[in-house]
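For reference, the structure discussed in these notes is given below.
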Amino acid sequence: MKRVYNFSAGPSMLPESVLRRAADEMLDYHGSGQSVMEMSHRSKEYQGIIDSAESLLRQVMGIPDNYKVLFLQGGASSQFAMVPMNLMTKSGKADFVITGQWATKAFQEAARYGEAHAVASSKDKTFSYIPELDPASFTKDADYFHICLNNTIYGTRFTKLPETGDVPLVADISSCILSEPIDVSKFGLLYAGAQKNMAPAGLTVVILREDLIGHAMDITPTMFNYKTHADNGSMYNTPPCYNIYIAGLVLEWIRDTVGGLEEMKKINEKKAGLLYDFLDNSKMFRGTVVAKDRSLMNIPFVTGDDELDARFVKSASAAGFINLKGHRSVGGMRASIYNAMPLEGVEKLVEFMTNFEKENG
Ligand SMILES: *Cc1c(COP(=O)(O)O)cnc(C)c1O
């Protein structure tokens with residue numbers, strides 16, 4: 001069996017030990033005589049699985065007791081509507097920092113339900129930096145303030161949070177959840193599609209402060225109301241059972257094998273550091289993001305020559321480094337190095353790039 005190093009932005013790699021364990025438990029989960037895929041979500045066994053996934057997430061992320069954890073479907077993209085429908089209900093206003101395509105989509109979707117303000121944007125330079133924020137420009141009575149904490153497509157991340165005072169900070173953390181510690185108490189609501197750093201596609205995790213539940217607009221579909229899911233332990237309807245089980249295994253891996261999020265962060269900094277150091281010293285390749293705002297998870301880079309970029313992506317792929325082609329809006333390459341990408345994968349990529357540069361320079 002030959003496994004590749006997969007640099008996809010998502011769905012992406014899962015830890016090999018998790019895949020092996022899932023394989024071992026595939027036909028007979030803990031003596032139940034069935035796969036988790038086949039189990040009734042109302043069974044005692046399955047209740048154990050979802051409860052354990054939630055308590056692991058609480059433990060690993062240090063989620064305070066006055067926050068609910070919801071396991072939903074519909075992807076991060078559904079949250080672009082679900083957040084305003086549930087939160088944009090007092091003044092009907094919300095603020096947004098426009099740092100890329102996902103942030104823009106969150107803004108545009110919210111604008112369908114209320115008054116959405118763009119307080120800053122980095123569109124002028126293809127979202128290659130995080131804009132400076134002036135709290136004086138924030139809407140005082142906004143119902144929430146939205147950011148995309150790590151910008152998957154452009155490779156930027158917030159390293160300091162906006163000072164929003166009493167206005168709940170809401171963040172899309174799809175591509176950085178579990179990559180480093182995060183102070184949940186600084187946020188009103190966090191959401192993430194699981195397919196980047198947590199589980200297979202199909203699970204969406206929402207972590208929200210309890211006081212933000214129960215104020216949804218009347219038009220809100222039952223399935224889009226956080227209260228529906230909070231009141232029913234994410235089991236109002238059938239949850240994405242198997243994905244929640246895998247998320248639990250990934251969380252166990254982070255806690256027991258990696259040693260928690262502080263350790264995870266050190267490994268991620270080491271991996272990203274290796275690649276950024278190479279890019280900063282290369283004569284052929286360069287990163288596209290200003291140094292201070294560089295993501296630990298998604299690293300876009302270019303040669304400046306489309307033909308050379310294409311040749312690089314092709315030969316990298318042939319050598320077992322797949323999905324390095326950049327997003328169409330940035331061009332060039334992008335290496336997504338989520339938690340499950342081993343250090344060795346980045347070391348070997350850098351070695352490959354060094355040789356490519358020698359041979360093609
Ligand atoms: C991938 C991604 C999304 C979209 O997620 P879906 O689950 O496909 O809806 C939204 N925001 C960010 C930051 C992402 O990386």
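Atoms within each ligand, like the ligands themselves, are counted from 1 in listed order.
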- Compute the shortest N/O to N/O distance between D172 and ligand 1 and return yes if it is under 3.5 Å, no if not. yes
- Item | Contact check: A76 vs ligand 1, nitrogen or oxygen atoms, below 3.5 angstrom | yes
- Message: Aromatic contact between Y46 and H41, with the criterion being ring centroids under 6.0 Å apart: yes or no?
- Response: no
- Query: Is the backbone N or O of F138 less than 3.5 Å from a side-chain atom of D95, with the two atoms forming a donor-acceptor pair by type?
  - Reply: no
- Item | Ligand-residue contact atoms, ligand 1 with G75, heavy atoms, under 4.0 Å | 7 (O), 9 (O)
- Task: With the side chain counted from C-beta on, respond yes when Y191 and V83 share a heavy-atom pair under 4.5 Å apart, and no when they do not.
- Result: yes
- Does ligand 1 have any atom sitting under 4.0 Å from a heavy atom of K105? no
- Is there a donor-acceptor contact under 3.5 Å from the side chain of N243 to the main chain of P200? yes
- Task: Around atom 1 (C) of ligand 1, find the nearest protein heavy atom and jot down its residue, atom name and distance.
- Result: K196 NZ, 1.3 Å
- Short side-chain to backbone donor-acceptor contact, T303 and L308, under 3.5 Å: no
- Message: Considering non-hydrogen atoms of the protein only, which is the closest contact for atom 9 (O) of ligand 1, and what is the distance?
- Response: S77 OG, 2.6 Å
- Message: Before you tell me yes or no, could you show the steps for N197 and M297 under side chain to side chain contact (heavy atoms under 4.5 Å, CB included), namely the whole-Å CA-CA distance, both residues' side-chain angles and the distance that decides it to 0.1 Å?
- Response: CA-CA 10 Å; N197 233 355; M297 297 281 102; 3.7 Å; yes
- Message: Within the 4.0 Å heavy-atom shell around C148, which atoms of ligand 1 are there?
- Response: 13 (C)
- Contact partition for A201 relative to ligand 1, non-hydrogen atoms under 4.0 Å: neither
- Message: Among all the protein's non-hydrogen atoms, which is closest to atom 15 (O) of ligand 1, and how far away is it?
- Response: T152 OG1, 2.4 Å
- Note on the structure: Nearest non-hydrogen protein atom to atom 8 (O) of ligand 1, with distance, is Q195 NE2, 3.4 Å
- Query: Are Y154 and F158 connected, step by step, through hydrophobic side chains (Ile, Leu, Val, Met, Phe, Trp, Tyr) whose heavy atoms are closer than 4.5 Å?
  - Reply: no
